[in-house]
Amino acid sequence: MTVVLTSRDADPDRYSVVLGGQVDFVHSAQDLHGYLDGHPLEDLVVVGPDITMAVVTSLAQRYRVERAALGIVLLRERVETDVLREALRSGIREVVQADDVEAITVACRQSRSISGQVRGALSGQDTSRGKVIMVFGAKGGCGKTTVATNLAMALADLDVGRVALVDLDLDFGDVGVFLKLGNQVTISKAVQMAGTIDERAAQLLMTPYRDRVDVLLAPGRPAEAEFVKPELVVDIVNTLRETYAFVVLDSAPSFTEVSLQCFEIADSYVLVTTLDLPSLKNIKLAMDTMDALGYPRSKWHLVLNRANAEVGLTREEVEEVLGIAVMAAVPSSRDVPETLNTGGTIVEEMPRHPVSQAIVALARSEAGLAPVPAKRRRFWRRKR
Ligand SMILES: Nc1ncnc2c1ncn2[C@@H]1O[C@H](COP(=O)(O)OP(=O)(O)O)[C@@H](O)[C@H]1O
Ligand SMILES: [Mg+2]
């Protein structure tokens with residue numbers, strides 16, 4: 001999508017042909033601020049020839065710092081050198097003549113490409129490959145599968161690409177049960193493909209769940225798990241990251257050979273714990289092991305699940321004991337198991353629920369997006 005700032009009654013069809021795809025119009029700088037607040041992923045603003053240089057340069061200066069990935073392409077009736085100089089000095093990416101359709105198309109394409117690179121650099125990610133997020137917890141029942149499934153849905157809702165959810169609790173994986181996916185292909189099918197996993201083969205393993213989310217299920221029976229070798233899992237995950245923007249791994253509650261290999265290739269570890277002492281003791285031990293194995297702490301993202309539970313320590317105490325900050329605190333709620341029974345995840349069924357909001361915040365942070373502004377206001381008008 002592209003947003004066009006112009007005070008005139010522009011012809012939307014003409015713009016959408018030139019800019020390729022849907023175009024939204026805003027009519028003042030104020031409108032544009034509101035629009036951009038509500039569209040955190042918008043990376044391109046085209047400014048019409050009627051908007052004064054003073055307005056455009058102040059916009060450019062503001063967003064250059066606030067939102068480095070955003071590009072501004074300025075249209076002018078005539079491109080004069082002093083305009084060009086002023087524009088480039090204030091951080092406007094391109095200035096093109098308003099009637100030069102081809103130049104506009106090229107400028108927009110270049111700006112989007114720069115935005116992609118800036119976003120990549122900001123999130124410390126190689127954007128040409130998907131981000132692998134390993135959800136790990138040192139105890140059964142602490143909420144790994146709940147967090148992994150809901151995180152996958154929340155990432156998909158951000159509309160930043162497709163999500164693969166992979167169940168690596170090979171013995172007792174229950175992602176299929178969580179998502180009500182009956183008899184489907186499982187990772188066991190990959191055993192016969194060992195050594196030849198490519199994108200097409202990986203796709204054959206995936207079960208479509210919903211728009212932008214595909215699932216790779218764990219073996220149907222624990223006896224099959226031993227045939228799924230760590231190298232095979234690594235091959236699959238590395239192949240999936242070529243086609244999916246996010247690969248979310250649900251895991252077994254221990255350091256299996258498979259989980260150790262996945263720690264090596266993951267970009268981020270979402271470490272789930274509840275607030276009770278046995279769970280904290282286990283995650284502390286796991287963290288000591290992770291330190292010993294040299295898994296960089298910059299990848300550690302601590303998630304407290306059932307964070308309002310009456311028994312147990314406070315968030316502050318946990319941070320002190322574990323020596324790392326809490327990235328997300330998911331409250332305890334009966335709605336979590338209840339939505340599970342009726343089918344689906346709480347993020348999909350009850351998006352405004354505090355549990356969903358906590359997981360959406362986690363997803364935004366994993367995607368390198370700013371937190372949602374507390375109160376969103378919609379100023380813009382849309383024309384089609
Ligand atoms: N925040 C929560 N509030 C209430 N129940 C929860 C919450 N998180 C998980 N549960 C419930 O706890 C149980 C275990 O969760 P699960 O995600 O399967 O844990 P794990 O994958 O770590 O074994 C499930 O029945 C789930 O519905
Ligand atoms: Mg589980």
Side-chain angles (χ1 to χ4, degrees), residues 123-126 129-148 151-152 164-173 175 187 190 194 197 216 218 222 225-242 244 246-305 313 317-328 362 365-366 368:
S123 64
Q125 266 282 117
D126 172 2
R129 303 174 80 211
K131 180 174 187 176
V132 176
I133 303 171
M134 164 100 172
V135 179
F136 185 78
K139 202 163 183 297
C142 66
K144 293 176 296 298
T145 304
T146 303
V147 170
L151 177 61
L165 173 62
V166 181
D167 191 347
L168 292 181
D169 189 348
L170 297 177
D171 285 309
F172 297 110
V175 170
I187 198 170
I197 302 283
L216 176 48
E226 62 174 297
F227 300 109
V228 183
K229 301 293 180 208
E231 313 80 68
L232 176 62
V233 172
V234 167
D235 255 8
I236 296 171
V237 172
N238 277 332
T239 308
L240 290 175
R241 78 198 303 181
E242 300 293 328
Y244 291 87
F246 295 95
V247 182
V248 178
L249 311 178
D250 187 16
S251 58
S254 57
F255 289 111
T256 59
E257 263 310 306
V258 167
S259 58
L260 288 171
Q261 294 280 330
C262 289
F263 272 107
E264 298 287 338
I265 57 169
D267 301 294
S268 159
Y269 316 139
V270 168
L271 305 171
V272 184
T273 182
T274 44
L275 294 166
D276 56 297
L277 280 176
S279 192
L280 286 167
K281 183 211 75 180
N282 283 16
I283 197 80
K284 173 79 175 146
L285 287 176
M287 286 176 172
D288 290 346
T289 308
M290 289 168 61
D291 268 332
L293 293 171
Y295 299 153
R297 283 196 169 226
S298 56
K299 295 184 181 177
W300 299 20
H301 299 153
L302 182 65
V303 172
L304 299 186
N305 188 25
L313 304 181
E317 286 167 327
V318 170
E319 290 184 329
E320 203 180 318
V321 172
L322 298 180
I324 82 167
V326 170
M327 178 173 271
L362 173 67
S365 140
E366 290 295 332

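In this chain, residues are counted from 1 in sequence order.
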Enter the distance from Ile283:CD1 to Ile324:CD1 here, rounded to the nearest 0.5 Å.
8.5 Å
Out of Leu271, Asp250, Val272, which one pairs with Phe136 under the side-chain contact (heavy atoms from CB on, under 4.5 Å) rule?
Leu271
Between atom OG1 of Thr146 and atom CG of Leu151, what is the distance when rounded to the nearest 0.5 Å?
12.0 Å
On a heavy-atom basis, which atom in Ala266 and which in Lys299 lie closest, and how many Å separate them?
O-NZ, 2.9 Å
Ile236 versus Ile187: any side-chain heavy-atom pair under 4.5 Å?
yes
Between Glu366 and Val248, is there a side-chain heavy-atom distance shorter than 4.5 Å?
no
If you look at every heavy atom in Gly323 and Arg297, which pair is closest and at what distance?
O-NH1, 3.7 Å
Could you tell me if the side chain of Leu170 sits less than 4.5 Å from the side chain of Thr256, heavy atoms only?
no
So do Arg129 and Asn238 actually touch side chain to side chain, heavy atoms under 4.5 Å?
yes
Please report the shortest heavy-atom distance between Asn305 and Gly143, naming the atom on each side.
ND2-CA, 3.5 Å
Taking the side chain as every heavy atom from C-beta outward, state whether Cys142 and Thr273 have any atom pair closer than 4.5 Å.
no
A side-chain contact here means heavy atoms from C-beta on lying under 4.5 Å apart; do Trp300 and Asp291 qualify?
yes
How far does CE of Met290 sit from CE of Met287, to the nearest 0.5 angstrom?
6.5 Å
For atom CD of Glu320, is the number of surrounding heavy atoms from other residues, nucleotides or ligands below 6.0 Å larger than 12?
no
Determine whether Gln261 and Val233 make a side-chain contact, defined as any pair of heavy atoms from C-beta on separated by less than 4.5 Å.
no
Looking at side-chain heavy atoms only, is the closest gap between Ile133 and His301 below 4.5 Å?
no
Give a yes or no on whether a salt bridge exists between Asp267 and Arg241, defined as a side-chain N under 4.0 angstrom from a carboxylate O.
yes
From Leu165 atom CG to Leu249 atom CG, the distance as rounded to the nearest 0.5 Å
8.5 Å
Which class fits the ring pair Tyr295 and Phe263: parallel under 30°, tilted 30 to 60°, perpendicular over 60°?
parallel
Check Pro278 against Lys139 and note the closest heavy-atom contact, atom names and distance.
CB-CE, 3.8 Å
Heavy-atom closest pair (Asp167 atom, Val175 atom, distance to 0.1 Å) is OD2-N, 3.0 Å
Ignoring hydrogens, what is the shortest heavy-atom contact between Phe172 and Pro222? Give both atom names and the distance.
CE2-CG, 4.0 Å
